[in-house]
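Read the structure below first, then the notes.
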Amino acid sequence: MPHDLPKAYDPTAIEDQWAEYWVRENLFAQPTPAPGEPEQGEPFTILLPPPNVTGRLHMGHMLNQTEMDILTRWRRMSGRRALWLPGTDHAGIATQMMVERQLTEEGTSRQQLGREAFVARVWEWKRHYGGAILDQMKRLGASVDWQREYFTMDENLSVAVREAFVRLYEQGLIYRGAYIVNWCPRCQTAISDLEVVHEEQKGHIWEIRYPVVGPDNKDTGEFITVATTRPETMLGDAAVAVQPEDERYLHFHGKKLRLPLVGREIPIILDDWVSRDFGTGAVKVTPAHDPNDFELGKRHHLPSINVMDETAHINTEGGVYAGLDRYVARKRIVADLEAQGLLVAVKDHTSNIGHCDRCKTVVEPRLSKQWFVKIKPLADKAIEAVKDGHIRFTPEMYTKTYLNWMENIYDWCISRQLWWGHRIPAWHCGTCGKITVPAPNMSPDPTACSHCGSDELTQETDVLDTWFSSGLLPVSVFGWPNFTVKKLGAPGLDSETWDGKVDRDDFNAFYPTSLLVTGFDILFFWVARMIMLGIWFAQDIPEADGSPRTLARSVPFKEVYIHALVRDANREKMSKTKGNVIDPIEIVKQYGTDAVRFTLASMASPGTDIAFNIARTEGYRAFANKIWNAARFLFQNVDRAAEIGIAVDRAALGHMPDANQFDRLEDRWIVAELHSASGKVNAALENYRFDDAANVIYQFFWGSFCDWYLEIVKLRLDFSETANKPRIAAALTMLITVFEAALRLLSPFMPFMTEEIWQAVYDGNPPAKSIAVTTYPQAETKPIDTVAQIDMNTVQTVIVETRALRKEIGVEEKATTAIELRIGAGDRGVVEQNRGIVERLAKISEVRFVDQITAGLPLRTRFNLDVAVVYQRTIDIPVERDRLTKDVAKYEKGLAAAERQLGNEAFLKKAPPHVVEGLKKQEAETRLLLEKARAALNALPPEA
RNA sequence: GGGCGGUUAGCUCAGUUGGUUAGAGCGCCUGCCUUACAAGCAGGAAGUCGGGGGUUCGAGUCCCUCACUGCCCACCA
């Protein structure tokens with residue numbers, strides 16, 4: 001059967017079909033192991049960081065997925081029970097915004113629809129468009145278990161969210177109260193500290209006079225000048241604070257001020273928090289609109305006067321300013337103050353302004369009732385787990401970042417005033433006003449107030465922060481808390497199929513997960529929350545044998561690999577506004593998934609940002625093409641052999657070839673190279689060195705296999721009349737064996753092309769459904785055949801030096817030439833045995849072994865050999881003189897350095913013996929090379 | 001205001017616990033359609049490792065310092 005591979009590698013012709021095949025065949029499904037089932041290897045579990053349902057695939061995703069896919073494919077092929085679990089996040093704000101925008105276009109709004117209809121509408125949106133990013137993932141060949149795909153609002157995951165909430169509530173770790181929170185006036189919801197991005201902005205600081213009121217309620221004519229960056233909040237001022245010892249204000253202690261524009265009388269309070277050096281040393285206190293002022297207000301029992309509504313417009317508390325947007329109000333207030341002569345100064349001032357991470361609106365600190373997690377107890381466990389080494393970060397420096405954040409953590413505001421999300425499972429009593437939360441262990445909704453027994457209960461309208469549910473994923477995807485439900489393949493609860501037994505098989509098999517691969521941008525949002533919540537809830541789940549779970553076994557993952565940012569070729573952050581976003585799908589269409597994956601892998605050095613350079617991708621497409629053509633070469637020869645009745649033995653395929661089976665130098669050598677490469681690749685992947693692994697494979701395939709081995713094998717592929725059939729058969733068998741193993745080595749990096757070629761290698765009868773489920777070439781435990789490597793190196797040296805020499809002296813490309821070779825007795829035997837290789841690859845007609853190179857012949861010199869081309873040279877003497885002069889200088893410098901070192905007593909005494917020995921050897925070599933180079937320089941004919 | 005990175009060839013980046021003459025890809029120069037591949041083959045040029053100081057027998061690698069640059073965290077009005 002002919003193997004008809006097109007001449008040029010065309011990724012588009014093969015990739016779709018394999019991507020689809022892998023999904024259709026459920027190739028990467030990892031079923032729940034039944035209890036008692038013999039172990040199929042140690043599990044390797046990895047969770048996909050769930051993209052937002054609204055998401056579109058960007059380069060960051062592709063890097064993340066490529067890394068996870070390489071590791072998962074590698075582990076799977078290495079015998080691990082690999083499970084890569086995909087899903088999407090409901091992404092509260094992002095998704096709600098998306099649908100709201102649609103409604104606006106339709107001339108309606110979520111308010112007009114009402115909550116229920118709106119949520120239904122979002123579900124509908126999700127059903128239509130929600131899977132886009134996972135479809136893109138499928139196309140990229142991610143080897144995930146699609147049967148386990150989840151959505152964070154699936155019923156079983158919602159049960160987990162509710163259970164987590166009620167348990168934390170019962171443990172006293174969730175509370176509700178009125179606090180200053182970050183409020184986004186556009187999204188009209190509270191957001192957490194993490195969702196606020198600070199940005200330095202130029203603004204002003206206004207100095208305003210507040211009149212002092214005398215005992216008769218009349219102005220005394222004195223003033224205190226306060227400084228503020230936000231004059232509009234003065235409408236809600238409850239006091240002015242000064243430092244108690246500040247002599248400037250001593251005589252005002254105990255007096256009152258009249259709040260300008262409002263007329264309210266407010267006290268002067270004393271507090272050490274006030275800094276005398278900043279502004280005027282007098283601070284206006286607005287408890288409802290500033291976190292510091294809020295604390296101050298609590299200490300001094302001041303009223304909190306909220307002057308803004310949820311859209312940051314002034315409310316009725318603001319009197320004549322009511323209804324104005326906060327910035328309009330600011331202008332108006334400043335103007336009015338000026339008119340009344342109360343504005344002392346306007347100074348330039350730069351400050352950090354908080355913006356909503358999602359919509360970039362300036363955040364308004366706002367007093368409102370919210371739900372919080374008392375996070376310290378969870379954080380303590382999370383700190384301990386990392387300090388004790390149960391979770392390891394790569395790169396290591398993130399350990400510090402993580403601990404620093406954890407140790408300074410603030411309570412987590414988990415309530416959001418949205419409609420799309422997990423509604424908080426708490427009920428307010430219409431009679432006594434208290435809160436009722438269901439009991440743990442999946443109790444039903446309460447029907448009566450737990451405090452007064454009233455049945456006037458209404459559920460809290462707030463929903464939970466998206467990260468609350470994604471933070472639970474490591475436990476919830478494996479069935480927690482409702483282990484009685486088999487959920488595999490069924491997106492909702494299905495209690496009818498429950499046999500009544502606790503079923504924790506998934507959890508037992510796959511928790512803790514092995515690894516998390518993600519970007520640093522969600523280190524706190526997600527990674528830290530998973531660690532806290534994962535430990536907190538997993539620690540109560542006994543081990544399969546009933547023994548209690550240790551902290552080491554409670555963590556949600558044992559390793560965290562943090563990858564860098566993908567930037568554009570100029571190291572600029574990709575952003576829509578800059579217009580430098582590279583769409584991975586576009587690049588994939590152009591160069592193929594394999595080439596893009598390989599590019600990302602080869603640049604993914606831990607801790608370094610990736611400047612995505614299309615030139616690299618072009619290079620790796622060329623690499624793919626190279627392998628493609630090596631396959632074509634192989635198949636063409638297999639077919640030619642078949643025509644004259646030579647069958648290639650495929651029996652040995654699927655294993656690493658054993659070097660001892662071969663006696664030809666090139667065979668022993670390529671096997672040694674393959675073993676060496678596979679050892680390096682395995683070691684590199686073990687340490688997340690995707691770049692090293694990719695480079696080793698590239699070098700092996702191109703530098704060793706194609707450049708040398710294929711060229712040498714051609715010697716034996718002689719299909720002329722005198723064809724030596726057994727020799728051809730042996731050569732092809734060897735070739736195909738090495739090639740097949742190398743394909744497996746490459747497979748995790750370039751899954752598509754290797755699949756296509758691997759299937760072809762087996763001529764329609766592959767031993768497995770896919771190369772992805774074959775065995776990965778493992779590091780050889782036997783020592784690598786270094787003798788073959790050294791001998792081959794000698795042969796290569798002769799060839800390379802001859803080629804260089806021929807080029808230098810201007811031998812025409814096609815001409816063959818004789819060489820003279822001066823070489824030691826041992827190496828001479830190697831060259832003699834492989835004379836055919838040398839002759840063919842260096843276009844040599846005859847190798848003359850000599851003791852002394854004939855004077856006048858152009859020669860090249862190495863430590864262990866001299867080679868000269870027998871040819872009437874047309875040498876460019878100045879160029880040659882230049883080259884040799886440079887050589888002499890280089891050797892002189894090297895020799896001097898070596899001699900200096902070796903003459904140093906301290907060096908000889910202190911340096912390890914192998915270093916001293918190495919240097920001595922180098923000194924001897926350099927000395928010889930220097931002598932030879934000098935001689936050659938002297939032998940050069942004088943310039944014409 | 002704290003903290004963490006980066007600076008190596010024209011470009012993009014590697015360089016393990018200090019150890020022999022610092023590497024790769026792309027680009028560049030020269031010559032080649034050689035029984036797979038011009039997305040190829042062969043040969044070649046190119047770096048005072050950001051500056052300065054120190055430790056050491058020995059520094060791209062460790063320490064100090066300066067410069068430039070990027071990022072994270074932080075409630076001073």
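Below, chain A is the first sequence line, B the second, and so on; all start at residue 1.
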*Could you work out the separation of B:rC49 and B:rG18 based on their C1' atoms and round it to a whole Å?*
15 Å
*Rounded distance in Å between the P positions of B:rU55 and B:rU16*: 24 Å
Check the interface with nucleotides 69-71 of chain B: list each N/O to N/O pair with the protein under 3.5 Å, or write none.
none

_Rounded to whole Å, how long is the line connecting atom CG of A:Asn408 with atom C1' of B:rG3?_
11 Å
*Euclidean distance, atom CG of residue A:Asn695 to atom C1' of B:rA24 [Å, nearest integer]*: 6 Å
*Report the distance from atom OH of A:Tyr398 to atom C1' of B:rC73, rounded to the nearest whole Å.*
14 Å
*Atom pair distance, as rounded to whole Å: CD1 in A:Ile522 and C1' in B:rC72*: 15 Å
*Quick one: do A:Tyr698 and A:Tyr620 satisfy ring-ring contact (aromatic ring centres under 6.0 Å, His included)? Show the steps, please.*
CA-CA 9 Å; A:Tyr698 183 94; A:Tyr620 292 122; 5.6 Å; yes
*Round to a whole Å and report the spacing from CZ of A:Phe598 to C1' of B:rC26.*
15 Å
*Inter-nucleotide C1' distance (B:rA74, B:rC4), Å rounded*: 15 Å
*Is the backbone N or O of A:Leu600 less than 3.5 Å from a side-chain atom of A:Arg616, with the two atoms forming a donor-acceptor pair by type?*
no
*Under 4.0 Å between a Lys/Arg side-chain N and an Asp/Glu carboxylate O for A:Arg716 and A:Asp718?*
no
*Let me have a per-nucleotide readout for nucleotides 33-42 of chain B, 5' to 3', with B, S or -, counting only protein heavy atoms under 4.0 Å.*
--BBBSBSSB
*Dot-bracket encoding of pairs in RNA chain B, which uses [ ] for pseudoknotted crossings and | for another strand, Watson-Crick or G-U under 3.5 angstrom*: (((((((..((((.....[...)))).(((((.......))))).....(((((..]....))))))))))))....
Identify all pairs in which a protein N or O lies below 3.5 Å from an N or O of nucleotides 4-10 of chain B, and state each distance.
none

*Could you give the distance separating B:rC11 and B:rC28 at their C1' atoms, to the nearest angstrom?*
11 Å
_Can you check the distance between B:rG50 and B:rA45, where both ends of the measurement are the C1' atom (answer in whole Å)?_
25 Å
*Could you go through the side chain to side chain contact (heavy atoms under 4.5 Å, CB included) check for A:Tyr210 and A:Asp237 one step at a time?*
CA-CA 11 Å; A:Tyr210 283 20; A:Asp237 280 2; 2.6 Å; yes
*Between the main-chain N or O of A:Arg248 and the side-chain N or O of A:Asp246, is there a donor-acceptor pair closer than 3.5 Å?*
yes
*Less than 4.0 Å between a side-chain N and a carboxylate O, is that true for A:Arg927 and A:Glu923?*
yes
*A:Asn404 or A:Asp692: which one's nearest nucleotide on RNA chain B is closer to the 5' end?*
A:Asp692
*Over 60° means perpendicular and under 30° means parallel, so classify the ring planes of A:Phe739 and A:Phe701, tilted if in between.*
perpendicular
_Which residues pass the side-chain hydrogen bond (donor to acceptor under 3.5 Å, both in side chains) test with A:Arg621, not counting sequence neighbours?_
none
*When the P atoms of B:rC73 and B:rG15 are considered, how many whole Å apart are they?*
26 Å
*Worked check of salt bridge (Lys or Arg N to Asp or Glu O under 4.0 Å) between A:Arg640 and A:Glu643*: CA-CA 5 Å; A:Arg640 288 177 80 180; A:Glu643 280 168 24; over 6 Å; no
Between the protein and nucleotides 74-77 of chain B, are there any N/O to N/O pairs under 3.5 Å, and if so, what are the atom names and distances?
from: B:rA74; atom 1: N6; to: A:Asn352; atom 2: ND2; distance (Å): 2.7
from: B:rA74; atom 1: N1; to: A:Asn352; atom 2: ND2; distance (Å): 3.3
from: B:rC75; atom 1: O2'; to: A:Asn292; atom 2: ND2; distance (Å): 3.2
from: B:rC75; atom 1: O2; to: A:Asn292; atom 2: OD1; distance (Å): 2.1
from: B:rC75; atom 1: O2; to: A:Asn292; atom 2: ND2; distance (Å): 2.7
from: B:rC75; atom 1: N3; to: A:Asn292; atom 2: OD1; distance (Å): 3.4
from: B:rA77; atom 1: O2'; to: A:Ala227; atom 2: O; distance (Å): 3.0
from: B:rA77; atom 1: N6; to: A:Ser275; atom 2: O; distance (Å): 2.5
from: B:rA77; atom 1: N6; to: A:Phe278; atom 2: O; distance (Å): 2.6
from: B:rA77; atom 1: N1; to: A:Ser275; atom 2: N; distance (Å): 3.3

*Quick one: A:Arg806 CZ to B:rC32 P, roughly how many Å, whole number?*
13 Å
*asked:* Please report the distance, rounded to the nearest Å, between CZ in A:Phe612 and C1' in B:rG25.
replied: 14 Å
_Between B:rC63 and B:rU56, how many Å separate the two P atoms, rounded to a whole number?_
16 Å
